2 protein chains.
Amino acid sequence: MAVTMNDVARAAGVSLKTVSNVLNDYEFIRPATRQRVQDAIAELGYEANLTARSLRSGKTHMLGLVLSDLAAPYYAELASRLMTTAERRGYRVLVEQSGALEANELGALQDPLRQLTDGLLFTPLVMGADAVVSHRGTKPVVLLGEHILGPRLDLVTMRNQDAAQALTAHLLAGGRRRIAVLGAQPGESAGSAGLRLNGYRSALEDAGVPFDPALVAPGEWRRDGGAAAVAGLLERGVPFDGVFGLNDALALGAMHELLVRGVKVPRDVAVVGFDDIDEARFSSPSLTTVAPGMDEIAERSIGLLIDRIDGLEARVDGVHAEAGFVLKIRDSAP
Amino acid sequence: MAVTMNDVARAAGVSLKTVSNVLNDYEFIRPATRQRVQDAIAELGYEANLTARSLRSGKTHMLGLVLSDLAAPYYAELASRLMTTAERRGYRVLVEQSGALEANELGALQDPLRQLTDGLLFTPLVMGADAVVSHRGTKPVVLLGEHILGPRLDLVTMRNQDAAQALTAHLLAGGRRRIAVLGAQPGESAGSAGLRLNGYRSALEDAGVPFDPALVAPGEWRRDGGAAAVAGLLERGVPFDGVFGLNDALALGAMHELLVRGVKVPRDVAVVGFDDIDEARFSSPSLTTVAPGMDEIAERSIGLLIDRIDGLEARVDGVHAEAGFVLKIRDSAP
DNA sequence: CTGAAAGCGCTTACAG
DNA sequence: CTGAAAGCGCTTACAG
């Protein structure tokens, strides 16, 4: 079998505890003793057994990450960054996909696999705040996004409303007056969709442009959802000269559909998205969008979660953090 | 603390072993006994401690997945599918990014974290076969992709050469004669790049078109790599009427760069990629590419790895599996 | 069919 | 500064 701490202790002529002390950087060890132990470790090629360590210590140094779909570009980029950030802090990330199904979101929260993590980064798309609070268990949970806002929940988010308002204002400044919104219900006011829609409405109001619910088209936040939503508007004969996809995937799908149907972008219709995924720089035309501070979101959510795990952050109320955003003006809406 | 098996045993009036038997679906238990145990489990809300189970059994029911970058669309889509497939078989996937750096690839292979997995899916981009063989350790490793071909290594791959040949033949049939290749060195013959380049050359040969090394441009397999590679060709004044991006990201980046510079696609230059990522359907123009059987790759690699773990697959030589491919003709190269 | 015991490889009070 | 002992919560031979 593998080399154990016992083997190391025997080889170094010390007790188990002393080996453990060396391994855990305990301060008060005689240098000579420490050296003997380290030599024995090197010679035997000893490697700590992580499972045994977890069983005894109750710590795993893993963080869970629950998101709807890792194949969605925004989540893929976010997950990649979260993993890099966590690694720098000595943690690994275990990803789970919920498919944006309420049963799976609840399942992820109650999954026995949470035993293998010290805390959870959770992006609930359908679960309500109360349900999260009552099922989150005893380990720290930090929410990403904003479907859910509960005073008792930690949350790291982006400036959805302000960024959406800035995007819409940009379209209005370019002379657009009938701006379709893709990915929301007309009356929606909660969650990322609702907040972004609010921002859109504020910008309209500021410009004295009336809100037309006929311009709001629901759709899955994917490329095919954007294509279908814009196709629906065209087929219903709703006139528009701008499109705001509530995320880049929606906007890119919509842009494709417009171009296929011979509608020129941006001449006939200007298009903007939200997220600034890498693809936005390389679409044709390139996509005007907003960069929601993904690095900051990754940094702060990992930091907050680890602080909760370590007990460095002990506020009973939820901590709320919000990243800054940057408008990215490109060719789809110059 | 949490409810343990001991608590359950006491509540049910049986021994620890009997509880364990019930939990592990041991066959020969008196129905009444099983019932009493199950009632106790339900009543106490007992949940098995996965760490303790792993420590004792040596199994974790986790698979490692090492890839270069989770934010790359092909890998994001692959990882998503591998996770779904593994879950159906009772396994979870722990992802690690190597950044395509040899040190990180080696690090992933030797990472203590491998203790937490029963086997590894590994996509080496720079490591050689010998290095993998000598550092893979004792647990099963299945390779994805083909930078590496060693008779002693399990490998699940795609038909790189045949698919590349079919794509190139399609461009040739459309009358293109000077087809640039992005993402390879002119003399490359190993790895995905080499195999795809071989396919390209076979198709040229079949058509009696001479191979021109000046048409082969290296570049990172990303959108920006494709844009830079095609810009280089244009600036060097190399004439071409077709572009084969060795993956979709390269092709999409190149297409963007061409369009920005006023080169019409497909009129002036036809563009094809490789992978059939979701984005390929929604670019403008949509991208002609090849779907390399990702579902099949996910299914077979997970299946093979689990068979190795369970000892159901015991061949000493590496098992090699190859998924089928489908050409996707779209507007960038009709 | 079920039980009592050992042990997976660590960390953690408790002594000294 | 270091040691001997207990124990985290399971599974696994070994008996019977």
Side-chain angles (χ1 to χ4, degrees), chain A residues 1-41 44-62 112-118 138-139 310, chain B residues 1-41 44-62 112-118 138-139 310:
Chain A
M1 283 305 289
V3 181
T4 75
M5 270 175 61
N6 248 315
D7 302 327
V8 174
R10 204 171 313 126
V14 298
S15 79
L16 251 189
K17 176 65 163 81
T18 303
V19 180
S20 176
N21 281 345
V22 172
L23 252 29
N24 297 300
D25 291 323
Y26 182 64
E27 220 175 330
F28 307 104
I29 310 175
R30 212 171 292 162
T33 310
R34 183 197 304 278
Q35 193 56 55
R36 252 188 307 146
V37 171
Q38 283 170 337
D39 290 349
I41 287 174
L44 298 175
Y46 169 74
E47 207 162 66
N49 180 311
L50 301 180
T51 306
R53 183 174 279 176
S54 288
L55 176 58
R56 191 56 242 242
S57 71
K59 298 274 175 201
T60 63
H61 287 271
M62 294 237 280
L113 219 73
R114 280 195 66 194
Q115 292 175 12
L116 299 186
T117 63
D118 295 334
T138 55
K139 290 182 183 169
D310 293 342
Chain B
M1 285 301 289
V3 182
T4 73
M5 269 176 63
N6 248 316
D7 302 328
V8 174
R10 204 171 313 125
V14 299
S15 79
L16 252 190
K17 176 67 163 80
T18 303
V19 179
S20 175
N21 282 344
V22 170
L23 253 30
N24 296 299
D25 291 323
Y26 181 65
E27 219 174 334
F28 306 104
I29 310 174
R30 213 172 290 161
T33 309
R34 181 194 308 277
Q35 193 56 55
R36 251 187 309 147
V37 171
Q38 284 170 337
D39 290 350
I41 288 173
L44 298 175
Y46 168 75
E47 208 162 66
N49 179 310
L50 300 181
T51 305
R53 185 175 278 176
S54 288
L55 177 58
R56 190 58 243 239
S57 71
K59 298 275 175 198
T60 64
H61 287 274
M62 296 237 278
L113 220 73
R114 280 195 66 193
Q115 292 175 12
L116 299 186
T117 63
D118 295 333
T138 55
K139 290 182 183 171
D310 293 343

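Residue numbers begin at 1 in each chain, while the letters A, B, ... track the order of the sequences. Quick caveat, the model's predicted, so the values are computed rather than measured.
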Original post:
What nucleic acid atoms does A:T33 come within less than 4.0 Å of, heavy atoms only: base, sugar-phosphate, or nothing?
Top reply: sugar-phosphate
Original post:
Could you go step by step and tell me if B:R30 and B:R34 meet the side-chain contact (heavy atoms from CB on, under 4.5 Å) rule?
Top reply: CA-CA 6 Å; B:R30 213 172 290 161; B:R34 181 194 308 277; over 6 Å; no
**OP:** Mind calculating the distance between CG (A:L44) and P (C:dG9) to the nearest angstrom?
**Re:** 14 Å
Subject >> Presence of A:T4 side-chain N/O under 4.0 Å of C:dC8 phosphate oxygens OP1/OP2 >> reply: no
Original post:
Is any side-chain heavy atom of A:L23 closer than 4.5 Å to a side-chain heavy atom of A:R53?
Top reply: yes
Subject >> Check ion pair B:D39-B:R36 (N to O, under 4.0 angstrom) >> reply: no
Every protein N/O within reach of nucleotides 3-6 of chain C N/O, cut-off under 3.5 Å:
from: C:dG3; atom 1: OP2; to: B:S15; atom 2: N; distance (Å): 2.9
from: C:dG3; atom 1: OP2; to: B:S15; atom 2: OG; distance (Å): 3.1
from: C:dG3; atom 1: OP2; to: B:T18; atom 2: OG1; distance (Å): 2.5

**OP:** Treating a pair as Watson-Crick (purine N1 to pyrimidine N3 plus N6-O4 or O6-N4) or G-U wobble (N1-O2 and O6-N3) with both distances under 3.5 Å, list the stems of 3 or more consecutive pairs that involve DNA chain C.
**Re:** C:1-3 with D:14-16, C:5-12 with D:5-12, C:14-16 with D:1-3
**OP:** Would you confirm whether A:D118, through its side chain, and A:H61, through its main-chain N or O, come within 3.5 Å as a donor-acceptor pair?
**Re:** yes
Original post:
Within the distance-only criterion (no hydrogens, no angle test), does the side chain of A:K139 pair as donor or acceptor with the backbone N or O of A:T117 below 3.5 angstrom?
Top reply: yes
Original post:
So, is B:R53 close to the D:dT11 phosphate, meaning a side-chain N or O under 4.0 Å from OP1 or OP2?
Top reply: yes
**OP:** Measure from the side-chain heavy atoms of B:M5 and tell me the nearest of C:dT12, C:dC10, D:dC10.
**Re:** D:dC10
Original post:
So, does B:S20 use its side chain to make a donor-acceptor pair with the main chain of B:L16 at under 3.5 Å?
Top reply: no
Original post:
Who passes side-chain hydrogen bond (donor to acceptor under 3.5 Å, both in side chains) against B:T33, sequence neighbours left out?
Top reply: none
Subject >> A:L23 CG to D:dT2 C1', straight-line distance once rounded to whole Å >> reply: 16 Å
Original post:
With a 4.0 Å cut-off on heavy atoms, is A:Q115 in touch with a base, just the backbone sugar-phosphate, or nothing at all?
Top reply: nothing
**OP:** Kindly say whether B:K59 contributes a backbone atom to a donor-acceptor pair with the side chain of B:S54 at under 3.5 angstrom?
**Re:** yes
